[in-house]
Amino acid sequence: MLHSGSRLTGASNRSANRSCIPSNAQHLRPVRGAQQQQQARQAPLVAMATAVKELPTQPIEGQKTGTSGLRKKTNVFMGPNYLANWVQSLFNALGAEIKGKTLCLGGDGRYFGKEASQIIIKLAAGNGFSKVVVGQNAIMATPAMSALIRRKKHYGGIIMSASHNPGGPEGDFGIKFNYTSGEPAPESITDKIYGETQKVSTLKMADMPDVDLNKIGSSKFGDFELEVIDPVEDYMAQLKEVFDFEALKKFVARKDFKMIFDAMHAVTGPYATRILVQELGAPASTVKDGVSSPDFNGGHPDPNLTYAKELVDIMWGANAPTFGAASDGDGDRNMILGNGFFVTPSDSVAMIAANASCIPYFKGGLKGVARSMPTSAALDRVAKGLNLPYFETPTGWKFFCNLMDAGKCSICGEESFGTGGDHIREKDGLFAVLAWLSILAAKNANVPEGGKVVGVKDVALEHWNKFGRNFFSRYDYEEVATDAANKVMAQVADVISKSPKGTKMGDFTLDFADNFEYVDPIDGSKASKQGLRFVFTDGSRIIFRLSGTGSSGATIRMYIEQYSNDPAKYEEDAQKALAPIIKLALELSQLPQLTGRDKPTVIT
Ligand code: VG1
Ligand code: CO
């Protein structure tokens, strides 16, 4: 049924508004002038879509963005006005520039995402966006959002995700904003949003019905347009510009090559199925747990050796595939495995950079590379070898984006299973998978089918033999009492304050110790207190940070790195090779005594 004035060009579902916004609207303020006001009297449903309700609200404490957006328990987000307050604060922070612009929307499919979308769409319309583009069923992987914003030149996007954190009513929900070049909002914006959350008083919501997010197409609500799109299309088009899909297809078709990709019941299921199975022709069984579910099947969609255990078992089992990979809740992380072999993310980004000529997009050479501070210096060694500029940034993808925008960085990565390139402005799980596939395809180009396939471990050994090996490990102590975690950090800071250059610590001699600070070389913005670090004269490092992505308690991250150029050691287990420096780190931090934890929750 079409209502007068409602130019319905696609799907629209006039179901009841079930948002948690209280219906005690104080003012009903027409925003589109007298004509619409006239219509408001004649056709209430249409008028609702063109009017804006101003709902009173009050600031809610603690809506501070962490490393990557605002993350809280789902039931907190579902509380009265919790989500709406943050989104309204975002729009207030962005100010007049949003008028008439297009906002993108989507998320990792976790519980509450669809309901949240309805609230966000109404707020976007009520605050002056002329259009919202939303992924079908409110789905949009994080890298896909970045690709969409860039390719279609949209104003920005809201991603509903708590990434690798568990989902569901008992799990976490999250939200973040990506800006015009597809990048996670820089701190200048997130600080402003937080400021707005402390004074927000009015929610501006378009008075329109809930929309059908299942059907692809456009709907109009007065002047406001909503378009539901295929969430894979732009992303795949982007990847096709980066990789040689024909060459990858040929490689995947080899009978002596098998791969497996674990989507962990999260957002990459439909993406991996389209790209790996439909485009590259891999068998359907290549994608493991490819059907996304709102609570990730009760799992923890974090692609590491602990939470992706099923994949690990397959890759260490009999008849293991040559290549295995996994991605996280929102599709921006990746884990790369070979047959019985784990590539640390720090090594992975270094190896991709060293082999970048296997990827058409990088054929002209790399502009530069960058890594987050706790990430091992394996990438620096490649940069030195290739005579490339390289950068060390704080933890969090947003810090890479100015470098990429300024044309100073082509490939970057974080030790936390994040790898990416300047084709978009987010870390990109499937990019890493296709990058490794491209490397393997190139290394096997001259290996006849049935010959000895060059595998992931062969690529790693070749790399270490050229550059040496940066042994690396991260210990995560999750859900530590905040007090105890603060004590550990205070203890480490205390040791730092008493340790001048030259101090002997175990077998190591201190070069310097500090709390990492970064001055962005492009805009001069400063980020301080980004991690306590000990850097030794041989390049070995011990680093402590508190996580900024958790929703309750504290997570302590301890990062350990030691370099070796002794070929006899290259195949040694990292935990064994690093045992003395790990012992030193635990001693100087007094972590076991202060937290009561004798072992970490996750070892990478
Ligand atoms: C963690 C990682 C960091 C990453 C961030 C977001 O942050 O350490 O490298 O950028 O998660 O990743 P923290 O503050 O918990 O250490 V994801 O996949 O959430 O978007
Ligand atoms: Co993620």
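Every number for a ligand or one of its atoms is a count from 1 in the order of the listing.
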Can you confirm whether Leu337 sits close enough to Leu305 that some side-chain heavy atom of one is under 4.5 Å from a side-chain heavy atom of the other? yes
Can you tell me if Asp108 has an N, O or S atom under 2.8 Å away from the Co ion (ligand 2)? no
Minimum distance, heavy atoms only, to atom 1 (C) of ligand 1: which one of Glu414, Arg333, His164 is it? Arg333
From the Co ion (ligand 2) out to just under 2.8 Å, does an N/O/S atom of Ser161 turn up? no
Between Phe296 and His300, is the ring centroid distance below 6.0 Å? no
Check this for me, if you would: do Lys176 and Glu426 make a salt bridge, where the nitrogen-to-carboxylate-oxygen distance has to be below 4.0 angstrom? yes
Take every heavy atom of Lys398, measure it against each atom of ligand 1, and state whether any distance is under 4.0 Å. no
Relative to atom 3 (C) of ligand 1, which among Pro345, Ser416, Gly531 owns the nearest non-hydrogen atom? Ser416
For Arg474, the ligand 1 atoms whose distance to one of its heavy atoms is below 4.0 Å: 8 (O)
Is Gly396 in contact with ligand 1, taking contact as a heavy-atom separation below 4.0 Å? yes
Are the charged groups of Arg371 and Asp380 less than 4.0 angstrom apart, N to O? yes
Between Glu414 and Arg557, is the closest basic N to carboxylate O distance under 4.0 Å? no
